[in-house]
Amino acid sequence: MEEKARLVEECRQEKEKLGKEENLRRSLEVSFREAQGRAEEAETSSIRSSKRIIEGLELRIRQLEEELESEQRKYGEAIRNYRKTERRCKELELKQEQDRENYGKLQELVDRLENKVRVYKHQADQAEQRALANLNKLRKVQVEVEEYQDKASSAEQVLKKYKNKTLQTPTILVDMP
């Protein structure tokens, strides 16, 4: 009997132990289900959050692609403007060089023309001096002509008087041997 009591006691202990283990198993199952629910909820939340993050990143990628395209257009336009400006600068440099050459040619022409003007002015001064000298000679000759005309006029009047006198007085012709 002792042995039976011991066996009953052991059986009861084993039942208690089994009950405790069963309670522990149930509580572990409940904890496991709760943990699994939390894990599924966390996974779902994580998936949603990941989707939002992915959507946000995809949106940011599209924005960055648009910005890149915009910057590439701006860069292309800037390069075109730079090349256009560079061509314009080269054209202006060429024009400036041509202007320098033309200026040099014009300066030479101006110098030659100034020399010609000086020569012509000198010639004009000499011609003016000769004209003044000739004018003075002409005036002198005119004065002399007037004097000679006056003298001729006086001589004619004297001759007329003399003719008139000789006509009025008889002339004697004397033969000379």
Side-chain angles (χ1 to χ4, degrees), residues 38-177:
R38 283 194 305 262
E40 286 175 1
E41 190 178 302
E43 185 179 343
T44 305
S45 174
S46 173
I47 289 173
R48 276 189 244 129
S49 175
S50 295
K51 284 182 181 179
R52 276 182 281 161
I53 290 172
I54 289 172
E55 288 173 357
L57 289 174
E58 286 174 346
L59 178 64
R60 183 66 180 144
I61 288 171
R62 281 192 299 274
Q63 289 173 345
L64 290 173
E65 286 173 344
E66 289 173 1
E67 286 180 26
L68 176 64
E69 288 175 13
S70 174
E71 289 300 318
Q72 286 174 336
R73 280 192 304 273
K74 287 178 184 177
Y75 177 74
E77 188 175 321
I79 291 294
R80 283 191 299 277
N81 287 338
Y82 171 75
R83 288 181 182 149
K84 186 177 181 181
T85 303
E86 192 173 281
R87 273 193 309 273
R88 181 68 178 140
C89 285
K90 286 180 182 178
E91 289 172 1
L92 289 175
E93 286 173 356
L94 181 62
K95 184 167 178 18
Q96 184 180 19
E97 184 62 32
Q98 289 173 345
D99 288 347
R100 275 193 205 119
E101 290 173 7
N102 289 340
Y103 176 77
K105 290 176 184 177
L106 287 175
Q107 190 61 42
E108 288 176 20
L109 183 61
V110 165
D111 292 342
R112 281 186 279 164
L113 290 174
E114 284 177 348
N115 287 335
K116 281 185 179 181
V117 166
R118 277 192 288 267
V119 168
Y120 290 152
K121 188 175 181 180
H122 180 69
Q123 289 174 349
D125 288 343
Q126 288 178 343
E128 186 178 350
Q129 288 174 357
R130 284 192 304 266
L132 284 175
N134 288 338
L135 187 61
N136 286 336
K137 285 181 186 177
L138 178 64
R139 287 183 184 154
K140 186 177 177 183
V141 168
Q142 284 178 340
V143 168
E144 287 177 2
V145 166
E146 286 178 6
E147 286 176 4
Y148 288 130
Q149 284 177 346
D150 287 344
K151 285 182 183 180
S153 196
S154 298
E156 282 180 10
Q157 287 176 358
V158 169
L159 181 62
K160 276 186 185 178
K161 283 182 187 179
Y162 181 71
K163 279 187 182 180
N164 282 338
K165 278 185 179 180
T166 52
L167 286 177
Q168 291 173 357
T169 56
T171 47
I172 303 176
L173 286 174
V174 176
D175 284 323
M176 288 205 194

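No experiment lies behind these values; they were computed from the predicted model shown.
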Set of salt bridge (Lys or Arg N to Asp or Glu O under 4.0 Å) partners for Glu97, sequence neighbours left out | Arg100
Using residues 43-70 as the side-chain source, report each donor-acceptor pair under 3.5 Å to any protein atom, sequence neighbours left out, with the distance given to one decimal.
{"from": "Thr44", "atom 1": "OG1", "to": "Glu40", "atom 2": "O", "distance (Å)": "2.7"}
{"from": "Ser50", "atom 1": "OG", "to": "Ser46", "atom 2": "O", "distance (Å)": "2.7"}

Verdict with supporting geometry, Arg118 and Asn115, side chain to side chain donor-acceptor pair (under 3.5 Å) = CA-CA 5 Å; Arg118 277 192 288 267; Asn115 287 335; 2.3 Å; yes
Answer whether the closest heavy-atom distance between the side chains of Lys105 and Leu109 falls below 4.5 Å.
-> no
Side-chain donor/acceptor pairs under 3.5 Å, residues 141-153, sequence neighbours excluded:
none

Could you give the distance from CD (Glu114) to CZ (Arg112), rounded to the nearest 0.5 Å?
-> 12.0 Å
Scan the side chains in residues 121-128 for donor-acceptor partners under 3.5 Å anywhere in the protein, sequence neighbours excluded, and list what turns up.
{"from": "His122", "atom 1": "NE2", "to": "Gln126", "atom 2": "NE2", "distance (Å)": "2.7"}

Only pairs under 3.5 Å count here: list side-chain donor-acceptor contacts from residues 75-93, not counting sequence neighbours, and write none if there are none.
{"from": "Asn81", "atom 1": "ND2", "to": "Glu77", "atom 2": "O", "distance (Å)": "3.4"}
{"from": "Tyr82", "atom 1": "OH", "to": "Glu86", "atom 2": "OE1", "distance (Å)": "2.7"}
{"from": "Thr85", "atom 1": "OG1", "to": "Asn81", "atom 2": "O", "distance (Å)": "2.7"}

Atom pairs and distances, donor-acceptor, side-chain atoms in residues 132-140, under 3.5 Å, two or more places apart:
{"from": "Asn134", "atom 1": "ND2", "to": "Arg130", "atom 2": "O", "distance (Å)": "3.4"}
{"from": "Asn136", "atom 1": "ND2", "to": "Leu132", "atom 2": "O", "distance (Å)": "3.3"}

